[in-house]
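Computed over heavy atoms, backbone and side chain alike; hydrogens, waters and symmetry mates excluded.
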Amino acid sequence: MIAKSDMPISSAAPEGIKPEGVAYRVLVVDDSMFIAKQLGQIFTSEGFEVAGTAADGAQGVELYKSLHPNVDLVTMDITMPVMDGVSALEKILEFDKNACVIMVSALGKEDVVKKSLLMGAKSYIVKPLDRKKVLERVVSVLKR
């Protein structure tokens with residue numbers, strides 16, 4: 001007999017697990033350590049694996065290339081030093097036209113978000129981060 005305390009709180013599988021039972025792998029690119037940590041916590045709480053984090057677009061592009069093809073999703077901040085998120089998105093898509101990138105933006109960057117979506121970003125997340133909205137966007141992109 002299974003004790004009540006051993007039963008999962010929810011019978012639904014965590015959102016971060018692929019149908020074949022392995023975790024989706026996410027690369028987080030953000031110059032804010034706070035945002036990167038917050039995204040990491042949201043992802044790991046749902047069973048995703050954070051494959052890596054990068055503090056600017058240039059690092060993000062290099063890390064993506066080194067992890068490829070073992071990255072399912074990239075969250076890309078728009079405003080960063082060294083290389084901004086739009087330029088990094090462009091470089092990642094040049095390297096892998098099927099890359100799955102979600103832009104992370106502060107309010108008031110609608111024009112840049114629109115440009116990113118036209119370039120090939122799959123979606124966007126607005127700061128401040130809302131756990132439910134982050135997961136909804138990520139899951140809708142991964143399950144397309």
Could you state the interatomic distance from NZ (Lys65) to NE2 (His68), rounded to the nearest 0.5 Å? 11.0 Å

Asp31 side chain to Asp56 main-chain N or O, any donor-acceptor pair under 3.5 Å? no

Got a sec: does the NZ of Lys127 have more than 12 other heavy atoms crowding it under 6.0 Å? yes

Just how far is it from atom CG of Asp30 to atom CD1 of Ile35, taken to the nearest 0.5 Å? 6.0 Å

Quick check on Tyr124: does its OH atom have over 12 non-hydrogen neighbours (other residues, nucleotides or ligands) under 6.0 Å away? no

Look only at the side chain of Arg25 and the backbone of Asn70, and say whether a donor-acceptor pair between them is shorter than 3.5 Å. yes

For a quick test of reading the model, state the closest non-hydrogen atom pair linking Leu27 to Thr53 and the distance between them. CD1-N, 4.1 Å

Greater than 12 external heavy atoms within 6.0 Å of Lys97's NZ: no

Taking all heavy atoms of Pro81 and all of Ala55, pick out the closest pair and write down the distance. CD-O, 4.4 Å

Contacts table for residues 103-122: side-chain donor-acceptor under 3.5 angstrom, sequence neighbours left out:
unit_1: Ser116; atom_1: OG; unit_2: Val112; atom_2: O; d: 2.9

At what distance, to the nearest 0.5 angstrom, does OG1 of Thr44 lie from CG of Leu39? 10.5 Å

With rounding to the nearest 0.5 Å, note down the distance linking CE in Met76 to CG in Leu89. 6.5 Å

